[in-house]
Amino acid sequence: MEKLTQNAISRLLNGENVSKPCLQVLAYKRVVSEGQPRYRLMLSDGTHSFQTCIMMGPLIPRLEKGEFERFTIIQLNQYVVNTVQDNKKVIVILDPEVKWKGTEINGKIGSPEMFNFGAPSNSNTNTCGGRILAPSNPSPLRNPAFSARSSTTNGSGLFHSRNTSGEPFNEQRGISSSPNLDMNLNICRIQDINPYLNRWAFKGRATAKTPIRTWSNAKGEGKVFSFDMQDDSGEIRITAFKNECDRYYDLIEVGKVYTVTKGTIKTANRKFSQVNHDYEITLNSDSIVLPSDDNDRHCPKITFKFVKIKDIANYNVDSIIDVLGICRDVSELVTLTQKNTGRELKKREISLIDDTETEIRLAFWGNEAENFSASEGSVVMVKKARVSDFNGKSLTSVSSSFVQIDPQLTEAYGLKGWYERMRDNMQITKLSVNSATSDSGTWRTLNEVSVESISSNGGSLVFSAKATIVQVGRTQIYMSCPTTGCKKKLVDMNNGFYKCDKCQRDFDNYSPRIILSLAISDSLNEVWISMFHDEAEKILGVNGGELMAMKDNDETQFDELMTSLNFKSFIFRLRSSIDHYKEETRVRTTVLSVSPLNLVEYGKKLLSKLREMDI
DNA sequence: CCCCCCCC
């Protein structure tokens with residue numbers, strides 16, 4: 001009997017702080033709740049037994065390997081007491097430690113009775129908070145034992161130090177006046193999270209979750225996933241590496257509310273995260289992430305702000321939007337090779353339309369592309385799709401995107417109804433060029449290369465133009481890293497070796513890379529463009545090594561070759577994008593490809609253009 | 001500690 005913690009069951013169900021209680025496993029069974037497998041255990045302290053003790057996530061394999069067999073005595077190093085619907089309590093076991101194996105005990109200790117909430121000694125059950133962290137964890141979270149305040153909420157306790165009197169919500173949350181609450185825990189609004197907070201915690205709803213991704217590079221390898229959390233003040237991104245990745249991946253479910261405390265707060269890099277917050281959080285071994293009250297009033301339910309497809313035209317590249325559309329077409333899975341890295345990519349495109357009678361194409365990648373299946377006419381909802389400039393304007397699904405086919409939403413039913421009425425009677429405008437059917441896409445003249453015109457096009461424009469080289473600027477030939485896909489400029493160690501900072505390696509060789517700066521002109525404008533290696537080799541007719549040798553050994557020949565580019569005309573495939581450099585905003589244009597000007601073909605193109613114009 | 005989200 002002394003192996004078990006006396007009255008632990010009644011004490012902790014009554015909201016008391018019980019440090020590392022030892023309990024005996026009497027039974028368990030597998031259940032599936034909201035699609036997630038978990039185990040429900042009956043635990044006993046010798047006096048009482050309680051049968052809604054939950055193990056989930058990473059504990060499941062341990063349990064299934066027999067670690068917590070019947071009669072095992074486990075010590076709960078970390079656990080949470082949750083209140084679920086009808087004020088029922090659930091003990092969530094987070095960190096069980098086996099004290100005695102079931103075979104060592106081989107029998108039930110004491111004569112435990114089923115714990116009864118109706119018993120007089122438990123009359124204050126409802127006034128106690130439900131969510132308790134074992135104090136063994138040196139955490140600022142303790143049983144707050146809120147009384148009056150939390151009783152007005154749905155009974156879940158720990159983080160209900162918020163004022164529930166209906167005051168404006170931008171008061172600092174969680175600084176409780178409760179005399180029992182000797183903690184310095186700052187329940188922050190998510191928007192207020194910053195690296196200068198000493199002790200903080202926040203509560204938010206998971207709005208997105210990425211798959212686990214593994215990496216391997218010069219610095220090492222590992223795995224990682226991220227999730228986004230939102231309260232009524234804002235949203236923040238949380239990232240979990242390696243151990244924390246394993247620990248939290250199964251726990252986090254989109255739509256659920258969690259309380260988070262401890263972790264590294266660092267500056268968010270807007271380049272990589274579209275979440276609107278200056279900071280992001282990396283979980284570490286001290287971090288605590290607890291399932292919380294999914295109905296918390298500070299954590300609004302996930303909402304969708306569907307952008308009408310027609311209006312996507314006005315969104316900048318890289319914007320993150322929600323979209324709802326009828327799937328008009330699903331392309332085959334295609335495999336393509338990434339030019340820079342040689343990596344193989346799998347892609348599937350679908351096209352979406354809505355009642356603005358506008359069509360946009362949406363790309364899925366990798367597994368998502370392989371697994372995507374929806375038929376023509378179904379409604380496709382994507383939360384957090386990224387606006388892209390591929391083939392005009394298009395959308396792409398990213399790791400934090402959430403895709404649903406035929407969602408149970410009023411808007412979806414409305415859209416479906418519209419489609420059934422209108423499907424044969426529509427004038428569809430396309431925002432995306434279908435890459436399968438397009439020639440080289442849109443043709444433009446160089447007067448359209450201006451900050452104003454590119455800006456109004458979402459910051460980037462890909463187009464074809466016929467133009468003539470009118471000036472050759474600086475020609476750079478540099479020693480680049482010979483690693484496939486790495487073009488980093490090498491540092492000459494002057495000992496026969498060249499160092500790549502990116503690959504963190506020394507090489508005894510390098511590959512010469514060319515960058516040309518050219519002014520090209522058509523009848524309307526002159527534009528400076530950058531032309532990189534492959535395309536430069538094409539128009540120069542020499543390779544990088546030859547050009548480098550020529551520049552070193554025969555400058556006259558080199559100058560002649562460069563000068564010979566003047567007044568040559570080509571069909572350029574160009575990308576112009578807005579570039580912010582220091583205080584300046586300007587357009588940067590790079591060559592995607594260059595092809596010879598075929599006068600007959602080009603003439604035909606102009607003719608058909610004239611006919612279109614009805615001249 | 002990732003930082004890839006790709007394609008013309």
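The basis for the numbers below is simple: all heavy atoms, side chains too, and nothing from hydrogens, waters or symmetry mates. Residue numbering restarts at 1 for every chain, and letters A, B, ... go by the order of the sequence lines.
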Could you state the [atom1]-[atom2] distance from [X] to [N], rounded to the nearest angstrom?
{"X": "A:Asn269", "N": "B:dC4", "atom1": "CG", "atom2": "P", "value": "10 Å"}
{"X": "A:Arg575", "N": "B:dC6", "atom1": "CZ", "atom2": "P", "value": "10 Å"}
{"X": "A:Phe463", "N": "B:dC7", "atom1": "CZ", "atom2": "C1'", "value": "18 Å"}
{"X": "A:Leu345", "N": "B:dC4", "atom1": "CG", "atom2": "C1'", "value": "10 Å"}
{"X": "A:Leu336", "N": "B:dC8", "atom1": "CG", "atom2": "C1'", "value": "11 Å"}
{"X": "A:Arg573", "N": "B:dC7", "atom1": "CZ", "atom2": "C1'", "value": "11 Å"}
{"X": "A:Arg343", "N": "B:dC6", "atom1": "CZ", "atom2": "P", "value": "11 Å"}
{"X": "A:Phe225", "N": "B:dC5", "atom1": "CZ", "atom2": "P", "value": "21 Å"}

query: Do we see A:Phe390 stacking on the base of B:dC7, given a limit of 5.5 Å between centres and 30° between planes?
result: yes

Assign [X] to base, sugar-phosphate, or nothing according to its heavy-atom contacts below 4.0 angstrom with the strands shown.
{"X": "A:Lys223", "value": "nothing"}
{"X": "A:Glu280", "value": "base"}
{"X": "A:Lys346", "value": "nothing"}
{"X": "A:Asn284", "value": "nothing"}

Closest to the [X] side chain: [options]?
{"X": "A:Ser399", "options": "B:dC4, B:dC8, B:dC2", "value": "B:dC4"}
{"X": "A:Trp365", "options": "B:dC7, B:dC2, B:dC8", "value": "B:dC7"}
{"X": "A:Val462", "options": "B:dC7, B:dC8, B:dC3", "value": "B:dC8"}
{"X": "A:Phe241", "options": "B:dC6, B:dC1, B:dC8", "value": "B:dC1"}
{"X": "A:Arg386", "options": "B:dC3, B:dC5, B:dC7", "value": "B:dC5"}
{"X": "A:Lys266", "options": "B:dC8, B:dC4, B:dC1", "value": "B:dC1"}
{"X": "A:Lys347", "options": "B:dC2, B:dC7, B:dC8", "value": "B:dC7"}

field: Aromatic plane relationship, A:Phe306 with A:Phe304 - under 30° parallel, 30 to 60° tilted, over 60° perpendicular
entry: parallel

query: Using 30° and 60° as the class limits, which term best fits the ring planes of A:Trp443 and A:Tyr602: parallel, tilted or perpendicular?
result: tilted

- prompt: Would one find a side-chain N or O of A:Lys242 under 4.0 angstrom from OP1 or OP2 of B:dC2?
  reply: no

message: List the residues meeting salt bridge (charged side-chain N to carboxylate O under 4.0 Å, His left out) with A:Arg62, not counting sequence neighbours, and say none if there are none.
response: A:Glu67

- request: Would you confirm whether A:Ser608, through its side chain, and A:Lys605, through its main-chain N or O, come within 3.5 Å as a donor-acceptor pair?
  value: yes

query: Does the distance from a Lys or Arg side-chain N to an Asp or Glu carboxylate O, for A:Asp506 and A:Lys499, drop under 4.0 Å?
result: no

- request: Go through the structure and list residues passing ring-ring contact (aromatic ring centres under 6.0 Å, His included) with A:Tyr510, not counting sequence neighbours.
  value: A:Tyr498

